[in-house]
Amino acid sequence: MARKELAKAYEPWDVEEKWETHWEAEKTFSPDPDGPGDSYSIVIPPPNVTGVLHMGHALNLTLQDILCRYNRQQGKNVLWVPGTDHAGIATQNVVERQLKEEGLTRHDLGREKFIERVWEWKKEKGDHILSQIRRMGASVDWTRECFTFDEQRAKAVREVFVKLYEQGLIYKGDYLINWCNRCHTALADDEVEHEAKPGKLHHIKYPLADGSGHLVIATTRPETMLADTAICVNPADDRFNNLIGKKAILPLVGKELPIIGDSYVDMEFGTGCLKVTPGHDFNDWELGRKHGLEVISVLDEEGIVNDNAPEKYRGMTVAEARAAVMADLDAEGLVVEVADHDHSVGVCYRCKSVIEPHVSTQWFVSMKPLAKKARAAVPADTQIFPEHWTKTYYQWLDEIRDWCISRQIWWGHRIPAWTCEDCGELIVAKEDPTVCTKCGGSHLVQDEDVLDTWFSSALWPFSTLGWPDDTKELARYYPTSCLVTGFDILFFWVARMMMMGLQFREQVPFDHVYIHALVRDEHGKKMSKSTGNVIDPLDMIEKYGADALRFTLTSFAAMGRDIKLSEQRIEGYKHFMNKIWNATRFAMMNLPDEIPAVDVSKAEGLADQWILHRLEEVKEAVKSATLDYRFNEIAQTLYKFIWSEFCDWYLEMVKPALYGEDEEAKARTQAVLWTVLSETMILLHPVTPFITQEIWNVLPRPAGDDRSEDIATLAFPALRPECLNPKAVADMELFMGVVSGTRNIRTELLIEPAKKLDLLIRTVSDADKSVLEANTGLIQSLARIENVTIGPDVKAPKASGAAVVQGNELSVPLEGVVDFEAELARLDKNLGKLDKTMTGVSKKLQNPGFVNNAPEAVVEGEKKKLAEMEEEKTKLTQLKERLESVMG
RNA sequence: AGGCGCGUAGCUCAGGGGGAGAGCAUUUGCUUGACGUGCAAAGGGUCGUGGGUUCAAAUCCCUCCGCGCCUACCA
């Protein structure tokens, strides 16, 4: 049988592409909703269609994929739904920009043609990110791909909108909302980001109407005075409360403003007098509602001063109007002071332009009743990991305001509301109505607005499963098992999914929410295109392979900490992939085409018994780390096991058996080597799916092993408790100590590696003696030793390098090999180290408080430790004295 | 203003009431028949400060100092 020759170094490129194509073609990750097993389901946080894969996605996908692949191994019926988000504003912006290059606006095309154009764009470019998800190796079910704006999701959106409207939880009205002049639409509160910016506090005189003087107000936005409708002072403020009920004259406009009293006004801030502008400030809006004030808006939807302002200012931008107003006030001698004042300014989270509070007709969702349920469900029905995010979640829900869901754009779910032009009736319906339900007229006009994209995203956990239709998927996979996402969308998305899930499914949308960190650059800065510090995951995949990238992200994904990523780390883990590859290469050179059918629990040698024991521990560690979302521990456990134990010790130790003549021993070791390697590949598979699949595919099998060629479908390795072997671990510790101790003597004394040395071991017990005797050959090969002599009465030459391992005295004769001064210094160094730790332990044991109060086991442990160290010290000292005696 | 998180080896970070850990970097040596993307060995830290609880604190509690983030407000 022709043995497949493995490349000398691992080359991920072809391998990854091959398996990614294979899995999708075979529909490996498309579960049967009627199939066996407990269900485990995850819905992907849908990336924007306009998006390109960034490190945040890469991390997010990796963690979800680990969970899905692990749960498949546990025999679960796993569904991971992929899809994208139609990203209303962002996508519309992209296509509008395209049109602009052709000298067109969306209005030139008209609504219908424009939407067609966006769909065309989506088809061409929009799915780009999906192919990038494929390159990450995400084991999603591509046959169930969804889009927040496809037909089925549209059905869900309508259903929800209409029901909420009927339940009185959606309403329409004129309110002050966040308005983006550039995107030309309303935004929800949480779509506004706040940035601290330097500004000015302008102190301006407003004359009193009765001519008895003036008061001075302070404002950061003087241009909005054109829309002032009152002055407000604190009734408790003795400086001004006599003015309440009087009137002031609004400069430049000339109209009278009532002076009202409200404790909202902070007497300490500014001048203590507040100009009230309900049309341009959220607090003033509230104040205006409370006091029944007129609302004036002096800015239009482009942010240009409109006809409600004095003629002179009309047509100006905000900045122009501010300058003009201040100049005019100054000319009239009304400016008292202009002081520097930093304040935070709201900006659009999509385009970063300044948000204007703007009065307009919008649709809202009443959040309070929904938020109440969503709050109560955590942690009872949904647990958040790490747990501390729960508090943030509560805090947001407690302070929630009604959600403005209408957007003045075209790309999105159009609001299913119609107005009858004949009788003015408002009709909200699932199916497009043709006649008015009230007057029977047929002149119905649909609302122009579309819904906030998050409105459809909020339904994602059940809309992707086919709701509102009664599907198998819905019954089988809802509630989903875990949602994996970054904390930046805890509010935007997670909280709203909770609300909608509870409202429409009467069940939380997920059992667990795992919040992962943000990926930053190596200096802790947020990656952004403008800073130029972006590490592109696709570049990394091309350079190092998806597995190396995935392993890196996994090893960094400790709960509750930001990830500082550097390319160097990814490179380091590519080396790890290569190490795994070469371990396999070694195995392939030493395994027969058919693995001997040996029961590994009958393993005999120290190496085999020890590695099998460790494998059992690793299985447990991987399992519990995965269940607790301690992803970094999965990576750490496997890295240490594979590199520091399997490769560094085990493979070196089995070489003699594999090269040897004892066919029975060889077969046993081959079986163990194969078992450990293949099971480790299965354990590692959720983290690095490609390389493990490739290795599984090239590895030979024992006869009768008819498991799939596809590692992704294999069960988690069965536990083998009979292989747990504490004695092997203890023996191994002794063995490693002897080998390392001997190596240390050699390298620290600068003895050249080729120089043959002898080793004498004066053993402290029969048990140790037999362990070492059984492994003499291994000591020779691993420590590069010519002759080994072992026994209780071994006499070593006085001129020897020395070490003590668990009471056993190692001696390496040095006559003619090295100058003894170096060895003396080395022994002194080791004695010094020993002394330091002994001091600590004996001090502790001299403390009666410790001896009396600490648990007996701990005290005994310390005593034993000290005794051992004392013994070691005595022996080392004797060995040193012997050396000194030779030196005279 | 409120909330959250973080200060541990040169760097990036695990850990967490009983003798300070990893990776990378550094130093030294090495064609050991899987791997120089490697092997072997070594150096390197009063675990931010001050206090408290405890027989015992890097670990738990409090103060402070630094750093980061989130929410709200800022006329």
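Numbered from 1 within each chain, the chains take letters A, B, ... in sequence-line order.
- Legend: residues meeting side chain to side chain contact (heavy atoms under 4.5 Å, CB included) with A:Glu652, ordered by chain and number and at least two apart, are A:Lys655, A:Leu782.
- Put simply, NZ on A:Lys829 is 9 Å from C1' on B:rA41, counting in whole angstrom units.
- A:Phe385 has its ring centre less than 6.0 Å from the ring centre of A:Tyr629.
- Classification of A:Glu748 and A:Lys829 as a salt-bridged pair holds, one side-chain N sitting under 4.0 Å from a carboxylate O.
- Using a 4.0 Å cut-off between charged side-chain N and carboxylate O, A:Arg322 and A:Glu223 make a salt bridge.
- Regarding A:Leu749, its CG atom lies at a distance of 13 Å from the C1' atom of B:rA42, rounded to whole Å.
- Scanning for side chain to side chain contact (heavy atoms under 4.5 Å, CB included) contacts around A:Phe269 gives A:Leu201, A:Asp266, A:His341, with sequence neighbours left out.
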Using a cutoff of under 3.5 Å, can you pull out all pairs of nitrogen or oxygen atoms linking the protein to nucleotides 53-56 of chain B, with atom names and distances?
residue, atom, partner, partner atom, Å
B:rC55, O4', A:Gly849, O, 3.3
B:rC55, O4', A:Asn853, ND2, 3.1
B:rC55, O2', A:Asn847, ND2, 2.7

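- Under a 4.0 Å N-O distance rule, the pair A:Glu870/A:Lys873 does not qualify as a salt bridge.
- Within 4.0 Å of A:Lys755, counting heavy atoms only, lies no atom of the nucleic acid at all.
- Taking atom NZ on A:Lys564 and atom P on B:rA14, their separation rounds to 10 Å, with Å as the unit.
- Listed by chain and residue number, A:Phe240, A:Ile244, A:Cys273 satisfy the side chain to side chain contact (heavy atoms under 4.5 Å, CB included) test with A:Val233 (two or more places apart in sequence, or in another chain).
- For A:Glu542, the side chain to side chain contact (heavy atoms under 4.5 Å, CB included) test picks out A:Arg135, with sequence neighbours left out.
- One can place CD1 of A:Ile580 at 12 Å from C1' of B:rU37, the figure rounded to the nearest angstrom.
- The stretch residues 832-840 of chain A touches RNA chain B through A:Lys833, A:Thr837, each having a heavy atom under 4.0 angstrom from the strand.
- Distance from the side chain of A:Gln568 is smallest for B:rA25 among the nucleotides B:rA25, B:rC70, B:rA42.
- Residues of residues 266-277 of chain A that place a heavy atom closer than 4.0 Å to RNA chain B, in numerical order, are A:Asp266, A:Phe269, A:Leu274.
- Considering only side-chain N and O atoms, A:Lys640 lies nowhere under 4.0 angstrom from the phosphate OP1 or OP2 of B:rA22.
- Closest to the side chain of A:Arg784, out of B:rU32, B:rG43, B:rG29, is B:rU32.
- For the pair A:Cys232 and A:His194, nearest-nucleotide mapping onto RNA chain B gives the more 5' position to A:His194.
- When distances are taken from the side chain of A:His388 to each of B:rU71, B:rU28, B:rG5, the shortest belongs to B:rG5.
- We find that A:Arg221 and A:Glu356 are joined by a salt bridge, their nearest charged nitrogen and carboxylate oxygen being less than 4.0 Å apart.
- Across all strands shown, A:Glu862 has heavy atoms under 4.0 Å from sugar-phosphate atoms exclusively, and none from any base.
- Remark: C1' of B:rC69 and CZ of A:Phe491 are 11 Å apart, rounded to the nearest angstrom.
- Residue contacts for A:Tyr639: at a heavy-atom cut-off of 4.0 Å it reaches the sugar-phosphate backbone alone, with no base atom in range.
- In summary, the side chains of A:Tyr573 and A:Asp547 do not present any donor paired with an acceptor at a separation below 3.5 Å, with no hydrogens or angles considered.
- Taking the P atom of each, B:rG50 and B:rC64 are spaced 16 Å apart, rounded to whole Å.
- B:rG48 and B:rU54 have their C1' atoms separated by 23 Å, given to the nearest Å.
- Between A:Trp649 and A:Phe735, the ring planes are perpendicular. Angles over 60° get that label, and only those under 30° would be called parallel.
- In terms of the salt bridge (charged side-chain N to carboxylate O under 4.0 Å, His left out) criterion, residue partners of A:Lys200 (sequence neighbours excluded) are, by chain and number, A:Asp340.
- For A:Tyr544, the side chain to side chain donor-acceptor pair (under 3.5 Å) test picks out A:Glu567, with sequence neighbours left out.
- At a threshold of 4.0 angstrom between heavy atoms, the contacts of A:Arg569 include nucleobase atoms, whether or not backbone atoms are also involved.
- Nucleotides B:rC69 and B:rG51 have their P atoms positioned 32 Å apart, rounded to a whole Å.
- Taking atom CD on A:Glu399 and atom P on B:rA72, their separation rounds to 7 Å, with Å as the unit.
- Counted by atom type alone, A:Lys564 and A:Ser566 present zero donor-acceptor pairs between their side chains at under 3.5 Å.
- A salt bridge between A:Lys275 and A:Asp281 is absent, with no side-chain N of the basic residue lying under 4.0 Å from a carboxylate O of the acidic one.
- For the pair A:Glu567 CD and B:rU37 P, the interatomic distance rounds to 16 Å; values are reported in whole Å.
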Tell me, what's RNA chain B's dot-bracket, Watson-Crick or G-U with both distances under 3.5 Å, | for other-strand, [ ] crossing?
(((((((..((((....[..)))).(((((.......))))).....(.(((..]....))).))))))))....

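- A gap of 25 Å separates the C1' atoms of B:rG52 and B:rC4, to the nearest Å.
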Could you list the protein-to-nucleotides 34-36 of chain B atom pairs, N/O on both sides, closer than 3.5 Å?
residue, atom, partner, partner atom, Å
B:rA34, OP1, A:Lys655, NZ, 3.3
B:rA34, OP2, A:Tyr659, OH, 3.1
B:rA34, O3', A:Arg585, NH2, 3.0
B:rA34, O2', A:Asn582, OD1, 2.5
B:rA34, O2', A:Arg585, NE, 3.1
B:rA34, O2', A:Arg585, NH2, 3.1
B:rA34, N6, A:Cys647, O, 3.4
B:rA34, N6, A:Glu652, OE2, 3.0
B:rA34, N3, A:Asn582, O, 3.1
B:rA34, N3, A:Ala583, N, 3.4
B:rC35, O4', A:Asn582, OD1, 3.0
B:rC35, O2', A:Asn578, ND2, 3.4
B:rC35, O2, A:Lys579, NZ, 3.0
B:rC35, N3, A:Lys579, NZ, 2.8

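- One interatomic measurement links the two molecules: CD1 of A:Ile400 to C1' of B:rA72, which rounds to 14 Å at whole-angstrom precision.
- For the pair A:Tyr10 and A:Trp649, both in contact range of RNA chain B, the more 5′-proximal nearest nucleotide belongs to A:Tyr10.
- Of all nucleotides listed (B:rG43, B:rC30, B:rA14), B:rA14 comes nearest to the side chain of A:Asn632.
- Looking at heavy-atom distances under 4.0 Å, A:Asn744 makes contact with sugar-phosphate atoms alone, never a base.
- Note that A:Arg375 lies outside the cation-pi zone of A:Tyr393, set by a 6.0 Å cut-off to the ring centre and a 45° limit from the axis.
- Partners of A:Arg784 according to the side chain to side chain donor-acceptor pair (under 3.5 Å) rule, which considers only residues two or more places apart in sequence or in another chain, do not exist here.
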Report the C-alpha separation of A:Asn234 and A:Asp262 in whole Å, then their side-chain angles, then the decisive distance to 0.1 Å, and conclude whether the side chain to side chain donor-acceptor pair (under 3.5 Å) test is met.
CA-CA 5 Å; A:Asn234 195 313; A:Asp262 196 294; over 6 Å; no

